[in-house]
Amino acid sequence: MALTGIQIFKLLPKTNCRECGEPTCLAFAMKLAAGKADLSLCPYVSDEAKAQLEEASAPPIVTVNIGVGDRALKVGGETVMFRHERRFENPTGFAILISDTMDEAEVDARLERFKLEYERVGLVLRPELVAIKCESGDADKFAAVIDKIKQSSECSIILMSDNADILAAGLRVCADRKPLIYAATEENVGRVIDLAKESSCPVVAKAADVEKLAELTTKLTEAGVSEIVLDSGSRTLRKVYEDQVIIRSAPLTKQFRPLGFPTILFPCEMTDDPMKEGVIASAFVVKYAGIIVLSDFQGESLFPLLVERMNIYTDPQRPLATTEGIYEINNPDENSPVLITTNFSLTYFIVSGEIENSRIPSYLLVQDTEGLSVLTSWAAGKFSADLIAPFIKKCGIVDKVKHRKLIIPGYAAVESGGLEEELPGWEVLVGPREGSLIPAYLKTWKA
Ligand code: SF4
């Protein structure tokens, strides 16, 4: 259970040495309790206290690591029921289903669709997992499909079979990729425990209902398997929804550890209608799914799910921000215009996109305004002449251009007079308010 700031404070050295960056141990304890500092910042905390604090600060829902490399996925690690309480930690992973009974052309086509990816506000949005299901009952056939997928994709893998011997055959091919083993059931749990321990791979516990699931995870954890994902067995929207709420709230509000694990859901087994499947998946991106397995990927359904996931798993207390600095667009030179904007990612991408569209070589200066947009940061006093001027002087733009003209956003027009006072020798020009007007404005540029 999470400790309060005062409980944490009692375990700290209480010397107020400030090496953690905080003025007192109490201030550091409060930040730790709020999840805004890391214990490693205090070099003087004793091993005994560290062990107590780490145990107490472990998330009620276990973090499970699946896969290796670029498409490795972390699920679970959640600490709140509702996003506005703090934030959701580890985004839902999306898996495409491939059966070992599919012909080669279909497997290739699905692997091709697995490569779908989109760039939004500087982030690459893409799926992570391929769920490989043994429907043939033939271990060799299953192993051959796994090998083909492993050779042609960096995907993380879910191995699906109720038969432990078939799972063992799959693990022999891809254990080095740390796949998720699906699934341990009441019938095969002993054998799957051995597989999970031998391969150090995470495992799904699957049962007929939530009570039986808790019994199954107890068996797994008592045997030393700690990385577990839950499948409650439900396959109707209403029942899955209920299970999701029970599974999420049990560890968080009742400290019931046997259900303190992320979940895997199968919209692909809940409907045959691709449109409905997308809608069901969408409901469970919001309602706590750790992994969602889809029957196939199509751009029109995958893209909105990826965008939804990005939004749900964005920290509501921290706006998406771009790094402060000088951005060169369309190969500018010493006579190119210099524009400035704030580091709210959406603002940056709109402004930089419009400059790019204008084809006019330009410098775009992005000032750190804690991720706020132009109007908001100006209203909050974070994009004012006395803050912009020092940034212009230190950012290095004076070494890149011969002229001394700065184009500020129309929404910050009232800062132009103050800026000319703070930046002697500079002429401050007021640009348009709307990004869409930037290309026309830049066409009037003269150094
Ligand atoms: S570094 Fe440790 S001992 Fe020093 S002020 Fe911070 S919490 Fe206290």
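Atoms within each ligand, like the ligands themselves, are counted from 1 in listed order.
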query = Can you tell me how far the CG atom of L97 sits from the CD1 atom of I158, to the nearest 0.5 Å?
reply = 9.0 Å
Flag the pair [X] and [Y] as a salt bridge only when some basic side-chain nitrogen lies within less than 4.0 angstrom of an acidic carboxylate oxygen.
{"X": "K402", "Y": "E334", "answer": "yes"}
{"X": "R172", "Y": "D176", "answer": "no"}
{"X": "E422", "Y": "K393", "answer": "no"}

key: Between E308 and Y313: side-chain donor-acceptor atoms closer than 3.5 Å   = no
ask   = Is the CD atom of E48 crowded by more than 12 outside heavy atoms at less than 6.0 Å?
value = no
inquiry  = For atom 8 (Fe) of ligand 1, which protein N/O/S atoms fall under 2.8 Å? Skip waters.
reply    = C25 SG
